[in-house]
Amino acid sequence: MKKIVFSIILSLAFSCNNERDTSRFISENDTNYSEDIRAISAKINKSPEEAELYYKRANTFYYEKKYSDAVGDFEFAITLNPKQPLYHFRCAETWISMDSTNSEKVKMHLTDALSLKPDYHAAKSLLAKYHLARQQYPEAIKLYKDLLDQPEFADPAYVMLSIAYKEQKDTVKAEAIIDKALTINPENFDAVMQKVMMLNYRNDPQLLAWATKAVKMNEFSDEALYTMGLILQKQSKFADAKDHYERVIKVNPNHVYAHYNLAVIQSLFDNHEACIDWCDKTLDLNPSFENALALKGYSYEKMGNKKAAMQEYKAALSINPNCTLAKEGLKLLGS
């Protein structure tokens, strides 16, 4: 229906002496838009039938993070030239970037892109991701398997294929796929991280070696650094764990769990003022983190400030009535 409406509007635009579809018409003098948008709009206003111009303006909107405007131009470009698979692919990417609930638009445009160009591997990869996110595993698996012999897409396809099997509780097949991926490319960082997660799940003796490999491969990966911190903390190597969490925060200052685990470590050594400080930093990032509130209450309790401890415990329980640390803390305080 939308395509018919656009077609009617377009016909009117061409036949009515510069009358434009106002939803797509942007004056080159409109300073509400960037200089780049105005420059492309000037070209569009001279040649409103050229799909490629709308596509270029859509891309500009996209990189300016004006996704709603971008979608409008991508879809208008598709109306003018529905046989261009790239337009459909970029439109689908934009719908995803909008975090839209209109998932059918994503599926429709990716399906159209692949019907026009069956070997469009980027579209196939994105459609597989779409299916995986919706737990449509057979569809996702089929698409990922099709990408395994494509050099540019094989590494991520192996990883996502493994995740698809792991989410279905087939851990044997999931790990076999990761092992194959690492045989083909030992430098596949995401596959290394998946291997670390699998080894960690069963507390395998090889875990530390693989986690160390991951950090060496990418010393600026907050995921790799944080995982190493967790492993070291579990092994009671608290000084080393603390060092890794601090490195996580340098890479990603918004990493909530690195902040929280630093609070935990301070608490273990009865450094309660430092613990409270790290809890506050955690809560600055996530005010609803009940464990940080409860841990803060525990530190106040140990410092003899029962009133403050009760306040923090109650705040934690207001978020999660089943927060064990807070419930036990209030019980010990006699409340």
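Position 1 is the first residue of the sequence, and the numbers go up from there. Please read all numbers here as calculations on a predicted model, not as lab measurements.
- Residue Trp95 is grouped with residue Leu110 when hydrophobic side chains (ILVMFWY) are merged at heavy-atom distances under 4.5 angstrom, including chains of intermediate members.
- In this model, a donor atom of one side chain and an acceptor atom of the other lie less than 3.5 Å apart for Asn200 and Lys234.
- Salt bridge Glu93/Arg90: present, at least one basic N to carboxylate O contact under 4.0 Å.
- At distances below 3.5 Å, not a single donor-acceptor pair connects side-chain atoms of Ser125 with backbone N or O atoms of Ala122.
- Side chain of Asp155 to backbone of Asn185: no donor-acceptor contact under 3.5 angstrom is found.
- The nearest pair of heavy atoms linking Pro186 to Met217 is O-CE, 4.2 Å.
- Taking the ring axis of Tyr120 as reference, the NZ or CZ atom of Lys117 stays within 45° of it and closer than 6.0 Å to the ring centre.
- Counting only N and O atoms by type, the side chains of Glu312 and Tyr300 include no donor and acceptor under 3.5 Å apart.
- Donor-acceptor pairing under 3.5 Å is recorded for the side chains of His272 and Ser299.
- A salt bridge between Glu75 and Lys105 is present, with a side-chain N of the basic residue lying under 4.0 Å from a carboxylate O of the acidic one.
- Under the 4.5 Å side-chain criterion, counting only non-hydrogen atoms from C-beta, Asn29 is not in contact with Arg38.
- Between Ser162 and Met198, the shortest heavy-atom distance links the atoms OG-CE, 3.3 Å.
- You'll find the side chain of Lys173 reaches within 4.5 Å of the side chain of Ile177, heavy atoms only.
- Of the candidates Tyr63, Tyr62, Tyr55, Tyr55 is the only one forming a side-chain hydrogen bond (donor to acceptor under 3.5 Å, both in side chains) with Asn59.
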Verify side-chain contact (heavy atoms from CB on, under 4.5 Å) between Leu161 and Leu148, making sure each step is shown before the conclusion.
CA-CA 10 Å; Leu161 187 59; Leu148 295 181; 4.0 Å; yes

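- When atom types are taken as modelled, the side chain of His255 and the backbone of Ala258 share a donor-acceptor pair closer than 3.5 angstrom.
- With hydrogens and angles ignored, the 3.5 Å screen pairs a side-chain donor or acceptor of Thr227 with a backbone N or O of Glu223.
- Side chain of Asn252 to backbone of Val248: no donor-acceptor contact under 3.5 angstrom is found.
- Side-chain atoms of Tyr54 come within 3.5 Å of backbone atoms of Pro48 as a donor-acceptor pair (strictly under, hydrogens ignored).
- To the nearest 0.5 Å, atoms OG (Ser318) and CD (Glu290) are separated by 9.5 Å.
- With 3.5 Å as the limit, one finds a donor-acceptor pair spanning the side chains of Glu301 and Tyr313.
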List the steps and the verdict of ring pair (Phe, Tyr, Trp, His ring centres under 6.0 Å) for Tyr165 and Tyr137.
CA-CA 8 Å; Tyr165 283 116; Tyr137 298 114; 9.0 Å; no

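- A donor-acceptor pair is defined here as one N or O able to donate and one able to accept, closer than 3.5 Å; no such pair exists between the side chain of Asn271 and the backbone of Ala274.
- The OH atom of Tyr298 sits 5.5 Å away from atom OG of Ser267, with the distance rounded to the nearest 0.5 Å.
- Asn188 contributes a side-chain N or O that, together with a main-chain N or O of Ala191, makes up a donor-acceptor pair within less than 3.5 Å.
- Here Tyr226 and His244 keep their ring centres 6.0 angstrom or further from each other.
- What you find for Leu116 and Pro82 is that their closest heavy atoms are CD1-O, 3.4 Å.
- No more than 12 heavy atoms of other residues, nucleotides or ligands lie within 6.0 Å of OH in Tyr257, so this atom counts as exposed by the packing criterion.
- Looking at Asp190 and Pro156, their side chains never come closer than 4.5 Å, going by heavy atoms from C-beta outward.
- Looking at heavy atoms from C-beta onward, Leu295 lies in side-chain contact with Tyr260 at the 4.5 angstrom threshold.
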Step by step, work out the salt bridge (Lys or Arg N to Asp or Glu O under 4.0 Å) result for Arg202 and Glu175.
CA-CA 12 Å; Arg202 61 172 183 265; Glu175 189 162 3; 2.8 Å; yes

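- At least one side-chain heavy atom of Glu219 sits less than 4.5 Å from a side-chain heavy atom of Arg247.
- Taking CD of Glu52 as the start and CG of Asn81 as the end, the distance is 8.5 Å to the nearest 0.5 Å.
- Put simply, CD on Glu246 and CG on Leu225 are 12.0 Å apart, with the number rounded to the nearest 0.5 Å.
- Within a 6.0 Å radius of NZ in Lys281, other residues, nucleotides and ligands contribute more than 12 heavy atoms.
- Residues Val264 and Leu285 are members of one and the same hydrophobic cluster, defined by side-chain heavy-atom contacts under 4.5 angstrom among Ile, Leu, Val, Met, Phe, Trp and Tyr.
- Gln235 contributes no side-chain N or O that, together with a main-chain N or O of Lys237, makes up a donor-acceptor pair within less than 3.5 Å.
- Checked by atom type, the side-chain pair Gln194/Tyr158 shows no donor-acceptor distance below 3.5 Å.
- Looking at Leu126 and Ile96, their side chains come closer than 4.5 Å, going by heavy atoms from C-beta outward.
- Under the 4.5 Å side-chain heavy-atom criterion for ILVMFWY residues, a single connected hydrophobic cluster contains both Met160 and Ile141.
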Kindly determine whether Gln266 and Ile276 satisfy side-chain contact (heavy atoms from CB on, under 4.5 Å), including the steps that lead there.
CA-CA 9 Å; Gln266 294 297 341; Ile276 289 169; over 6 Å; no

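- No side-chain N or O of Glu139 forms a donor-acceptor pair with one of His131 less than 3.5 Å apart.
- Taking the side chain as every heavy atom from C-beta outward, Tyr33 and Ser41 never approach each other to under 4.5 Å.
- Minimum heavy-atom separation, Ile319 to Pro287: CD1-O, 4.0 Å.
- Atom NZ of Lys213 has more than 12 neighbouring heavy atoms from other residues, nucleotides or ligands inside a 6.0 Å radius.
- The NZ atom of Lys166 lies 7.5 Å from the CD1 atom of Ile178; values are rounded to the nearest 0.5 Å.
- Between the side chains of Gln233 and Tyr245, at least one donor-acceptor pair of N or O atoms lies under 3.5 Å.
- Annotation: Glu167, atom CD; neighbour count of heavy atoms from other residues, nucleotides and ligands within 6.0 Å is above 12.
- Residues Leu230 and Leu268 share a single hydrophobic cluster, defined by chaining ILVMFWY side chains whose heavy atoms lie under 4.5 Å apart.
- For the pair Ile37 and Ser34, the minimum side-chain heavy-atom distance is below 4.5 Å.
- Both Ile265 and Ile249 are members of a single hydrophobic cluster when ILVMFWY side chains are connected at heavy-atom separations under 4.5 Å.
- Of all the heavy atoms in Val215 and Ala224, the pair that sits closest is CG2-O, 3.7 Å.
- Judged purely by distance below 3.5 Å, without hydrogens or angles, the side chains of Lys124 and Gln150 never pair a donor atom with an acceptor atom.
- Here CG of Asp204 is found 4.5 Å from CG of Leu199. Values are rounded to the nearest 0.5 Å.
- Taking the six-membered ring for Trp and the full ring otherwise, the centers of Tyr67 and Phe61 sit at least 6.0 Å from each other.
- Looking at every heavy atom in both residues, Ile40 comes nearest to Leu53 through CG2-O, 3.6 Å.
- Within a 6.0 Å radius of NZ in Lys66, more than 12 heavy atoms belonging to other residues, nucleotides or ligands are found.
- Ion pair Asp280/Lys296 flagged as a salt bridge, since at least one NZ, NE, NH1 or NH2 atom sits closer than 4.0 Å to an Asp/Glu carboxylate oxygen.
- Checking side-chain atoms of His109 against main-chain N and O of Glu104 turns up no donor-acceptor pair under 3.5 Å.
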